[in-house]
J.: 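The structure follows.
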Amino acid sequence: MAPENMIGPVMVELTGVTPPAWFARLSDALAATWAAMRLLPLDNANYCAFELNLARPRSLEYMTERLERDNAVSLTFILPDGPHLLHLRRAHKELSGPQDADGSTPPRAGRRR
C-alpha cells in the first residue's frame with residue numbers, strides 16, 4: 001500500500017451539490033469534502049456514515065485502500081430533494097487539463113493560440 005499522504009491527485013464531486021474539484025492529495029480532498037458535507041442537511045445516519053468515511057483517524061487509510069483497489073469510490077447520501085452521490089476518484093492528467101498528443105494543452109473554444 002502506498003503511504004496515505006501520497007495518494008493523489010484526486011477528483012471529488014457531490015452530484016447536484018458541487019462541481020468536480022481536484023486536489024493534489026487525498027488527505028486534502030477528504031478534509032474539504034467533509035467540511036462541505038457537514039453543512040448539508042444530512043440525517044443522523046448519513047452524517048455518521050460520512051464522518052466515519054471522511055473524518056475519523058482511519059478514514060485516510062481506508063479511502064487509500066479503496067482507491068488503490070478500485071481507483072474510485074461512490075457513496076450515496078440523501079438530501080431533502082432526493083439521493084446524491086459522492087464521487088471520489090484518482091485523477092491523473094486532469095489537474096493540468098487535457099493535453100494533445102504532443103503534450104501541449106489544446107486551445108479552449110473561442111481562444112486562439
Side-chain angles (χ1 to χ4, degrees):
M1 178 172 70
E4 291 103 16
N5 62 354
M6 299 304 293
I7 294 291
V10 296
M11 186 280 298
V12 178
E13 180 181 12
L14 302 174
T15 61
V17 178
T18 66
W22 288 263
F23 296 87
R25 297 182 316 168
L26 176 60
S27 58
D28 295 335
L30 296 180
T33 302
W34 178 236
M37 294 208 66
R38 289 180 60 190
L39 301 175
L40 298 175
L42 298 170
D43 64 19
N44 191 54
N46 275 274
Y47 186 94
C48 291
F50 279 89
E51 180 184 30
L52 183 65
N53 281 295
L54 301 173
R56 291 290 178 96
R58 293 203 62 233
S59 299
L60 183 58
E61 180 182 347
Y62 172 71
M63 293 304 256
T64 297
E65 290 171 2
R66 296 269 318 259
L67 289 174
E68 285 182 336
R69 185 180 63 235
D70 302 324
N71 289 318
V73 176
S74 291
L75 302 169
T76 303
F77 60 98
I78 306 297
L79 295 178
D81 66 343
H84 295 264
L85 287 173
L86 160 64
H87 290 296
L88 173 65
R89 66 181 172 90
R90 289 183 138 180
H92 300 282
K93 295 181 181 179
E94 296 165 34
L95 278 177
S96 60
Q99 295 185 339
D100 286 338
D102 66 357
S104 66
T105 302
R108 294 183 182 182
R111 292 181 139 182
R112 295 183 189 175
R113 272 193 173 167

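The residues of the chain are indexed from 1 along the displayed sequence.
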J.: Test side chain to side chain contact (heavy atoms under 4.5 Å, CB included) on I7 and E68; report intermediate values, then the result.
T.: CA-CA 9 Å; I7 294 291; E68 285 182 336; 4.0 Å; yes
J.: Using the test salt bridge (charged side-chain N to carboxylate O under 4.0 Å, His left out), find all partners of R66 that sit at least two apart in sequence or belong to another chain.
T.: none
J.: Measuring from atom CG of L86 to atom CD of E13, what distance do you get when rounded to the nearest 0.5 angstrom?
T.: 9.5 Å
J.: Could you tell me the separation between the CG atom of L30 and the CE atom of M37, rounded to the nearest 0.5 Å?
T.: 12.0 Å
J.: Tell me every residue that passes side-chain hydrogen bond (donor to acceptor under 3.5 Å, both in side chains) with N53, counting only those two or more places apart in sequence or in another chain.
T.: none
J.: According to side-chain contact (heavy atoms from CB on, under 4.5 Å), who are the partners of R38, at least two apart in sequence or on a separate chain?
T.: W34, Y47
J.: Grab the two heavy atoms, one from A29 and one from V10, that are nearest each other, plus how far apart they are.
T.: CB-CG2, 3.4 Å
J.: Going through the checks in order, is the side chain to side chain contact (heavy atoms under 4.5 Å, CB included) test met by L40 and N46?
T.: CA-CA 10 Å; L40 298 175; N46 275 274; over 6 Å; no
J.: Identify each donor-acceptor pair in which a side-chain atom of residues 70-82 lies under 3.5 Å from a protein atom, sequence neighbours left out, and give them as a table.
T.:
residue : atom : partner : partner atom : Å
S74     : OG   : H87     : ND1          : 2.8
D81     : OD1  : H84     : NE2          : 2.7
D81     : OD2  : H84     : NE2          : 3.4

J.: In Å, rounded to the nearest 0.5 Å, how long is the span from CG of L88 to CE of M63?
T.: 5.0 Å
J.: Applying salt bridge (charged side-chain N to carboxylate O under 4.0 Å, His left out), can you list everything that pairs with D28, at least two apart in sequence or on another chain?
T.: R25
